[in-house]
K.L.:
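This is the structure I want to talk about, given as structure tokens.
As the structure is a prediction and not an experimental result, all values here were calculated from the model. Every heavy atom of this structure was used, including side-chain atoms; hydrogens, water molecules and symmetry mates were not. We're numbering straight along the sequence, starting at 1.
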Amino acid sequence: MDDSRDMFGDTPPWDDDAADDKPDAAELEAAGQQSMFGDPEPEAKPQPSAAELEAAGQSAMFVEPAKTAPVAVPVPAPAEPVEAPSVKAAPAAQPYRVLARKYRPQTFAELIGQEAMVQTLANAIKRDRLAHAFLMTGVRGVGKTSTARLIAKALNCIGPDGQGGPTIDPCGQCEPCVAIAEGRHIDVIEMDAASHTGVDDVREIIEAVRYAAVSARYKIYIIDEVHMLSRNAFNALLKTLEEPPAHVKFLFATTEVDKLPVTVLSRCQRFDLRRIPAPMLAGHFAHVCAKEGVEAEAEALAMVAAAAEGSVRDGLSILDQAIAHADLDGEGQVRADKVRDMLGLSDKSVQRGLIAAILEGRGGDLLDLVAHQFALGVEPIALMRGLMDLAHRVAVAQVSGSAEAHSTEEREAIEGWAKALRPGQLHRLWQLLLKGHEEVKAAPDPLVAAQMALLRIMHASDMPDPGALVRKLEEIAARAPAASAAGGEGASAGEPTASIAAHSPAAVTLRWEALVDDVEHAGEISAANTMRMQVRVVELAPGLLRYAQPPGFNEDIVAVLRGGLQAATGERWQVEKVAAEGAPTLVEVADVKKRADAEALRTSPLVEATLAAFPGAELIQEERQVAIGGGGRNWRR
């Protein structure tokens, strides 16, 4: 078969017309590379092609160069392609890391607000009393997972010289510390229980714990959100968790510790991580701002700390947003007014103005302030929450004697209200604000609900305290007998006093009837019936009863009355029988009322017309079995 051109259109190198000399190994390699990958620029033969350069490299690495052939390996022709890597002299910019990740604590000294736990771990490490399982629990963002990683570093640190042991202050320079911080250590396995919930995932752990650590001192399993494991997974883990090998440590983290079985809790050493106080959070945020080169007002950082609700991660996320929200024309300073706008909080000066308007009864100013805040974008629910916070600080200042405030004006206002208001007023203000908060949350129109709630609070601010009102009524009742006697002797008939009107026979009958009902509800039914039938009240006062008996009753009922009254009121009563007329008994009153009702019914126009239309008709009233005197409140007809 005759030779022909190859598939790429080039003449084969063994063609007699192509070259007179015998091809060497380098040329053959070049031809093979060209046949496989093609010649990118066949016409530019004076310049070496990429295939030729590759052929030269392959010949230099794998083929012995011929001594007679001018092999082009040391030729400086590839100088231009070799200079290409000089482009990466400027490294690519690293992506931005949020503050919550950038300032994750790397040592126990950087872990804020958990001093008790750090001290316990330090003592355990010093005394070589390390538990085999630790459980970190708490709200989000207080350092549960970070603490687990720090414990892993503390147990596996070998020091800069490689001779160190477990320490509460890991060096952060040795290979275990660096690898654990970067999340690539082969002996520190971190598992998310929210995505690995089954018993098969736990079975993998059980099979792996039998093998010793590869390079670290301990093989550590960090299981985050451990409460998400299934019941079967927990049961499968119990035996290994109770008696693990000496080289294995378990570190659990969860936000819902109540969902863990008691059998798991009893096998772990538990640490409850606390919420971080707002002042400590504000100081930590100031430290972060100093490292970031950002200026921030103290009041702005206090707002961020209050909004974080004890969570460092939440606070750093809000601070990150506040830094981005800061005006560039103000040199990027984090100001309180900008943070307030960002979070939708009400101005503290407006809060003080609202409280002042409520206490002084200025309804117009109150509505204007609410409308102004709503126009600025402050939600009514945030307005109510701010007022509740201010009322709480006033109550605390009233008890402690010092006000917590970020400005002199605010401190003076809080201390002034703490001195001017009574404790009962403050607590009533808090209860009304709390009720208004619930109404605003559930209302279809939050603004209208907030206005109505604040107006109700304003009108209720000058009402007497319930306790004082009860004491005042008790004082009036205690003065009633003396006032009644004085009015009966010296008061003129044309000037009836309030006490005489209050202690008229009708009023005494009503009070006595209510007291008898209380006796019956206390379980003294026999005593209550006796009081309805045989007691004509002569004088009734707190702890005192003077009575007379109607004709036909002569037995001594003093002991029965005293026992019934004491059972109903819880107090000892002075009961005396006197020779006086007294008010009618309750049975007599009921009989009179019954006859009056029957007479009124008979003389009504409708009944008279009916009797006239039907001569001989009789009016029959249904009789029901009721207790004497009408019985208790539930027996009334």
K.L.:
Spell out, as yes or no, whether a donor-acceptor pair under 3.5 Å connects the side chain of Q398 to the backbone of L421.
P.N.:
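Side chain of Q398 to backbone of L421, a donor-acceptor pair under 3.5 Å: yes, one is there.
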K.L.:
Which pair of non-hydrogen atoms, one from A548 and one from V578, has the smallest distance, and what is that distance?
P.N.:
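Here A548 and V578 meet closest at CB-O, 3.7 Å.
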K.L.:
Once you round to the nearest 0.5 Å, how far does CG of L369 lie from CG of L383?
P.N.:
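Going from CG on L369 over to CG on L383, the span is 9.0 Å.
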K.L.:
Using only atom types and a distance under 3.5 Å, with no angle test, would you say the side chain of N235 pairs donor to acceptor with the backbone of R231?
P.N.:
yes
K.L.:
Which residues pass the side chain to side chain donor-acceptor pair (under 3.5 Å) test with D365, not counting sequence neighbours?
P.N.:
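Side chain to side chain donor-acceptor pair (under 3.5 Å) check on D365 returns R362.
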K.L.:
When you measure from the side chain of E360 to the backbone of A357, do you find a donor-acceptor pair of N or O atoms at a distance under 3.5 Å?
P.N.:
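Pair absent, no side-chain N/O of E360 close to backbone of A357.
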K.L.:
Listing request: all salt bridge (charged side-chain N to carboxylate O under 4.0 Å, His left out) pairs with a residue in residues 431-453, at least two apart in sequence or in separate chains.
P.N.:
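Passing the test, one end in residues 431-453: K435-E439, E439-R456.
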K.L.:
For W512 and M531, work out which heavy atoms get closest and say how close.
P.N.:
CH2-CE, 3.2 Å
K.L.:
May I ask you to decide if L135's main-chain N or O and K144's side chain share a donor-acceptor pair within less than 3.5 Å?
P.N.:
no
K.L.:
Could you tell me the separation between the CZ atom of F285 and the CE atom of M280, rounded to the nearest 0.5 Å?
P.N.:
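Going from CZ on F285 over to CE on M280, the span is 12.0 Å.
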K.L.:
Above 12 or not: heavy atoms from other molecules or residues under 6.0 Å from CE of M452?
P.N.:
no
K.L.:
Looking at every non-hydrogen atom in both residues, tell me the closest pair between P446 and P444 and how far apart they are.
P.N.:
CD-O, 3.6 Å
K.L.:
With sequence neighbours excluded, what pairs up with T137 under the side-chain contact (heavy atoms from CB on, under 4.5 Å) test?
P.N.:
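Result, side-chain contact (heavy atoms from CB on, under 4.5 Å) vs T137: T254, V257, R270, D272.
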K.L.:
Kindly indicate, with the supporting measurements, whether the criterion side-chain contact (heavy atoms from CB on, under 4.5 Å) is fulfilled by Q574 and L545.
P.N.:
CA-CA 6 Å; Q574 178 183 351; L545 171 64; over 6 Å; no
K.L.:
Please examine the side chains of V537 and Y547, heavy atoms only from C-beta on, and report whether any two atoms are closer than 4.5 Å.
P.N.:
no
K.L.:
Calculate, to the nearest 0.5 Å, the distance between atoms CD and CZ belonging to E539 and R546 respectively.
P.N.:
4.5 Å
K.L.:
Do side-chain atoms of S311 reach the backbone of R140 as a donor and acceptor pair under 3.5 angstrom?
P.N.:
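Yes: the side chain of S311 pairs with the backbone of R140.
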K.L.:
Quick one, H284 and V312 - any side-chain contact, counting heavy atoms below 4.5 Å?
P.N.:
yes
K.L.:
Could you go through the side-chain contact (heavy atoms from CB on, under 4.5 Å) check for R536 and E588 one step at a time?
P.N.:
CA-CA 10 Å; R536 289 182 174 180; E588 294 172 342; 2.7 Å; yes
K.L.:
May I ask you to test the L229-V226 pair for a side-chain heavy-atom distance under 4.5 Å?
P.N.:
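Sidechains of V226 and L229: in contact.
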K.L.:
Looking only at non-hydrogen atoms, find the nearest pair between A322 and V339 and report the distance.
P.N.:
CB-CG2, 4.1 Å
K.L.:
Any non-hydrogen side-chain atom of F252 less than 4.5 Å from a side-chain atom of M136?
P.N.:
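No, side chains not in contact.
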K.L.:
So, E415 side chain and E412 main chain: donor-acceptor pair closer than 3.5 Å or not?
P.N.:
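Side chain of E415 to backbone of E412, a donor-acceptor pair under 3.5 Å: no, none is there.
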K.L.:
If you round to the nearest 0.5 Å, how far is SG of C268 from CD of E242?
P.N.:
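Reported to 0.5 Å precision, the distance equals 11.0 Å.
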K.L.:
Between A391 and L429, what is the shortest heavy-atom contact and its length?
P.N.:
CB-CD2, 4.3 Å
K.L.:
Do L387 and H437 have side chains that get closer than 4.5 Å, going by heavy atoms?
P.N.:
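In short, these two side chains do not touch, never coming nearer than 4.5 Å.
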K.L.:
Can you give each donor-acceptor pair under 3.5 Å made by side-chain atoms of residues 555-568, sequence neighbours left out, with the distance rounded to 0.1 Å?
P.N.:
| from | atom 1 | to | atom 2 | distance (Å) |
| --- | --- | --- | --- | --- |
| E555 | OE2 | Q534 | NE2 | 3.0 |
| D556 | OD1 | V558 | N | 3.2 |
| R562 | NE | W573 | O | 3.4 |

K.L.:
Could you work out, with side-chain contact (heavy atoms from CB on, under 4.5 Å) as the rule, every residue matching R595, not counting sequence neighbours?
P.N.:
D591, V592
K.L.:
With a 4.5 Å heavy-atom cut-off, do R428 and Q425 have their side chains touching?
P.N.:
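SC-SC contact between R428 and Q425 confirmed.
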K.L.:
Under a 3.5 Å distance rule, please check whether T197 uses its side chain to pair with a backbone N or O of S230 as donor and acceptor.
P.N.:
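No, the answer is negative, given that no donor and acceptor are paired below the 3.5 Å cut-off.
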K.L.:
What distance separates F134 CZ from M117 CE, expressed to the nearest 0.5 Å?
P.N.:
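So the gap between those two atoms works out to 10.5 Å.
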K.L.:
Start with the C-alpha distance between L454 and I358, add both sets of side-chain angles, then the distance that settles side-chain contact (heavy atoms from CB on, under 4.5 Å), and finish with yes or no.
P.N.:
CA-CA 7 Å; L454 293 177; I358 289 174; 4.0 Å; yes
K.L.:
Could R532 and E520 be called an ion pair, given the rule that one side-chain N must be under 4.0 Å from one carboxylate O?
P.N.:
yes
K.L.:
Step by step, work out the salt bridge (charged side-chain N to carboxylate O under 4.0 Å, His left out) result for R274 and E115.
P.N.:
CA-CA 10 Å; R274 301 177 300 174; E115 291 78 9; 3.5 Å; yes
K.L.:
Do the side chain of R313 and the main chain of V142 share a donor and acceptor less than 3.5 angstrom apart?
P.N.:
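It does not hold such a pair.
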K.L.:
Looking only at non-hydrogen atoms, find the nearest pair between M533 and P550 and report the distance.
P.N.:
O-CG, 3.6 Å
K.L.:
How far does OG1 of T263 sit from CG of L260, to the nearest 0.5 angstrom?
P.N.:
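Rounded to the nearest 0.5 Å, the OG1-CG separation comes out at 9.0 Å.
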K.L.:
Answer yes when R385 and D389 have at least one side-chain N-carboxylate O distance shorter than 4.0 Å, and no when they do not.
P.N.:
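Salt bridge: no.
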K.L.:
Would W417 and L359 count as a side-chain contact (heavy atoms from CB on, under 4.5 Å) if you check the C-alpha gap in whole Å, the side-chain angles of each, and the deciding distance to 0.1 Å?
P.N.:
CA-CA 10 Å; W417 285 325; L359 296 177; 3.8 Å; yes
K.L.:
Looking at residues at least two apart in the chain, or sitting in another chain, which of them share a side-chain contact (heavy atoms from CB on, under 4.5 Å) with A395?
P.N.:
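Here the qualifying residues are L426.
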K.L.:
Considering only heavy atoms from C-beta outward, does the side chain of T530 approach that of V535 to under 4.5 Å?
P.N.:
no
